[in-house]
Amino acid sequence: MNKFLDVNPEVAAAIAQGKPVVALESTIISHGMPYPQNVETALNVEKIIRDNGAVPATIAVIGGRLKAGLTPEEIEYFGKKGQDIAKASRRDLAVLCARGEDGATTVTTTMIIAHMAGIKIFATGGIGGVHRGAETTMDISADLEELSQTPVMVVCAGAKSILDLGLTLEYLETKGVPVVGYGTEELPAFYTQKSGFKVDYRMDSPAQLAAAFKTQNELGFKGGMLVANPIPDEYAMPFEVITKAIETAIAESKAKGIHGKETTPFLLAKVAELTGGNSLASNIQLVYNNAKLAAQTAVEYFK
Ligand code: PSU
Ligand code: MN
């Protein structure tokens, strides 16, 4: 066991007994949604995972400790502190541990800590990717590199079109990361079921997802697998509304000279502000949908 890692007792027992566990990220709590909806959502997600037969492990860095499994009090603390908690990517983990500080884990660091703890499956909302204009800015999320080197399945609702989804898929292809559409041939774009881009494979059951990922692990491949689960139809947003908000947000971020790790949180907050409560409700529902699929897949994986 890594000396910087604390696995909560329930999660540790489940892993030791070969029972299904699902990891959850904390950036979505502190940076992805406003308080108190973020805390309410995080607690509901944990309940959905339990209701579907798996043990939830929300992941974060607290006081320099890598945590796999948070208490409701710790989730409340993260939700309340919100944007004041540092967003922790791969390059930040060592410094946070050395200094004894807190960090909200992104897809990247949630995968790292999940893997350290022995967790195979992780549910979230959306992943980072290749930003529009990356051919000059080189702004490419560390999430894509992590997917190529850490064996954790990430269940998401695709990626928001604040990114260049075509280039994101190209990058994942180069890095050997399988992109699977759940019940669809098309990559979903978070708020919408469609993006115009094709995934590598379509799968239609948790058992199929589990079998593919298990085989990848047994082949000795080091990377992860990306499962894109479309937002339920009744919560999908109109394409034009989302596109307009995203274009406005990108223009404003350029005008303000936003860059580096601030870019994604800025764009996400701006899009949320421009689309109001509707996008928050959609965001919450797609996370629930992903939590359910991840739990069902974890159950199949450990059968
Ligand atoms: N995309 C979303 N919602 C999110 C994120 C991305 O639709 O909450 C968060 C995730 O934690 C993701 C991170 O791992 O942003 C990516 O940040 P960056 O682009 O700076 O790598
Ligand atoms: Mn970036």
Side-chain angles (χ1 to χ4, degrees), residues 23-34 37-38 41-42 45 58-61 78-79 82-83 85-93 103-114 122-148 150 152 154-165 167-168 171-172 177 187-192 195 224 226 228-231 237 242 245-246 249-250 253-254 257-272 275 279-280 282-287 289-290:
L24 300 159
E25 65 161 300
S26 44
T27 292
I28 195 174
I29 305 175
S30 58
H31 292 67
M33 289 180 197
Q37 286 93 340
N38 54 1
T41 303
V45 165
T58 300
I59 290 186
V61 185
F78 258 71
Q83 311 268 349
I85 294 190
K87 177 179 151 194
S89 193
R90 176 177 268 272
R91 66 172 180 185
D92 305 301
L93 278 190
T105 56
T106 62
V107 168
T108 296
T109 40
T110 304
M111 288 178 77
I112 294 172
I113 297 169
F122 159 27
T124 187
I127 61 154
V130 180
H131 280 263
R132 298 192 197 183
E135 59 275 22
T136 51
T137 63
M138 291 184 70
D139 189 354
I140 299 172
S141 175
D143 293 353
L144 302 185
E145 288 293 321
E146 208 57 49
L147 278 161
S148 77
T150 301
V152 171
V154 179
V155 180
C156 68
K160 290 198 181 90
S161 44
I162 57 170
L163 303 172
D164 186 321
L165 298 181
L167 291 186
T168 300
Y171 200 97
L172 289 167
V177 179
L187 179 74
F190 198 92
Y191 293 120
T192 58
S195 66
L226 188 65
N229 185 28
I231 184 171
M237 307 255 316
I242 278 303
I246 285 172
I250 290 175
S253 122
K254 272 198 192 132
I258 308 282
H259 64 272
K261 68 193 287 185
E262 306 308 329
T263 304
T264 297
F266 178 88
L267 292 174
L268 295 179
K270 203 76 217 169
V271 170
T275 50
S279 70
L280 180 60
S282 297
N283 195 344
I284 291 171
Q285 293 300 326
L286 67 83
V287 174
N289 193 44
N290 297 342

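Order of appearance sets the numbers: ligands from 1, and atoms from 1 within every ligand. Hydrogens, waters and symmetry mates play no part in the numbers below; they use all other heavy atoms, side chains included.
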Checklist line | Atoms in ligand 1 with a heavy atom of His131 nearer than 4.0 Å | finding: 19 (O)

Next item on the list: Provide the closest heavy-atom pair for Leu165 versus Ser195 in the form atom of the first, atom of the second, distance.
Entry: CD1-CB, 3.8 Å

Next item on the list: Report the distance from atom CG of Asn290 to atom CD1 of Ile231, rounding to the nearest 0.5 Å.
Entry: 9.5 Å

Check: Does Thr108 offer a backbone N or O that forms a donor-acceptor pair with the side chain of Thr106 under 3.5 Å?
Finding: yes

Next item on the list: State, with a plain yes or no, whether a side-chain heavy atom of Cys156 is found less than 4.5 Å away from one of Leu226.
Entry: yes

Next item on the list: Considering heavy atoms of the protein only, find what lies nearest to atom 21 (O) of ligand 1 and give residue, atom and distance to 0.1 Å.
Entry: Ser141 OG, 2.6 Å

Notebook entry, point to check: Which residue holds the protein heavy atom closest to atom 8 (O) of ligand 1, what is that atom called, and what is the gap in Å?
Noted result: Leu268 CD1, 3.8 Å

Notebook entry, point to check: Considering only heavy atoms from C-beta outward, does the side chain of Leu268 approach that of Lys160 to under 4.5 Å?
Noted result: yes

Note to self: Strictly distance-based, threshold 3.5 Å: is any side-chain N or O of Thr150 a donor or acceptor partner for the main-chain N or O of Met111?
What the structure shows: no

Check: If you measure from each heavy atom of His31 to ligand 1, is any distance below 4.0 Å?
Finding: no

Margin query: Is a donor from one side chain sitting under 3.5 angstrom from an acceptor on the other, for Gln37 and Thr41?
Written below: no

Note to self: Let's go through Lys87 and Thr264 carefully: what are the C-alpha distance in whole Å and the side-chain angles of both, what is the deciding distance for side-chain contact (heavy atoms from CB on, under 4.5 Å) to 0.1 Å, and is it a yes or a no?
What the structure shows: CA-CA 11 Å; Lys87 177 179 151 194; Thr264 297; 4.2 Å; yes

Check: Which of the atoms in ligand 1, numbered in the order shown and given with their element, are less than 4.0 Å from a heavy-atom of Phe190?
Finding: 7 (O)

Next item on the list: Keeping waters out of it, list the protein N, O or S atoms under 2.8 Å from the Mn ion (ligand 2).
Entry: Asp139 OD1

Margin query: So does Ile29 get a backbone contact from the side chain of Asn38, meaning a donor-acceptor N/O pair under 3.5 Å?
Written below: yes

Check: Near Asp143, which atoms of ligand 1 are under 4.0 Å from a heavy atom of that residue?
Finding: 12 (C), 14 (O), 16 (C)

Next item on the list: Look at atom 9 (C) of ligand 1 and say which protein heavy atom is nearest, naming residue and atom and giving the distance to 0.1 Å.
Entry: Thr27 CG2, 4.2 Å

Next item on the list: Just jot down the ligand 1 atoms closer than 4.0 angstrom to any heavy atom of Lys160, in number order.
Entry: 2 (C), 3 (N), 7 (O)

Item checked: Identity of the nearest option to atom 17 (O) of ligand 1, non-hydrogen atoms only, from Lys261, Lys87, Met33 -> Lys87

Notebook entry, point to check: Less than 3.5 Å between some nitrogen or oxygen of Thr264 and one of ligand 1, yes or no?
Noted result: yes

Check: For ligand 1, which atoms, with element, lie under 4.0 Å from some heavy atom of Glu25?
Finding: 10 (C), 11 (O)

Check: Can you find a pair of side-chain heavy atoms, one from Ile127 and one from Leu144, that are under 4.5 Å apart?
Finding: yes

Next item on the list: Around atom 1 (N) of ligand 1, find the nearest protein heavy atom and jot down its residue, atom name and distance.
Entry: Gly126 O, 3.6 Å

Next item on the list: With heavy atoms only and a cut-off of under 4.0 Å, state how Thr106 meets ligand 1: side chain, backbone, both or neither.
Entry: both

Notebook entry, point to check: Can you pull the salt bridge (charged side-chain N to carboxylate O under 4.0 Å, His left out) pairs that have at least one residue in residues 260-272, sequence neighbours excluded?
Noted result: Asp92-Lys261, Glu252-Lys270, Lys270-Glu273

Check: Between Val271, Leu267, Ile258, which is the residue that forms a side chain to side chain contact (heavy atoms under 4.5 Å, CB included) with Ile250?
Finding: Leu267

Note to self: So, regarding Thr108 and ligand 1 (criterion: nitrogen or oxygen to nitrogen or oxygen, under 3.5 Å), is there a contact or not?
What the structure shows: no

Notebook entry, point to check: Out of Thr58, Thr105, Asp143, which residue meets the side-chain hydrogen bond (donor to acceptor under 3.5 Å, both in side chains) rule with Thr110?
Noted result: Thr105

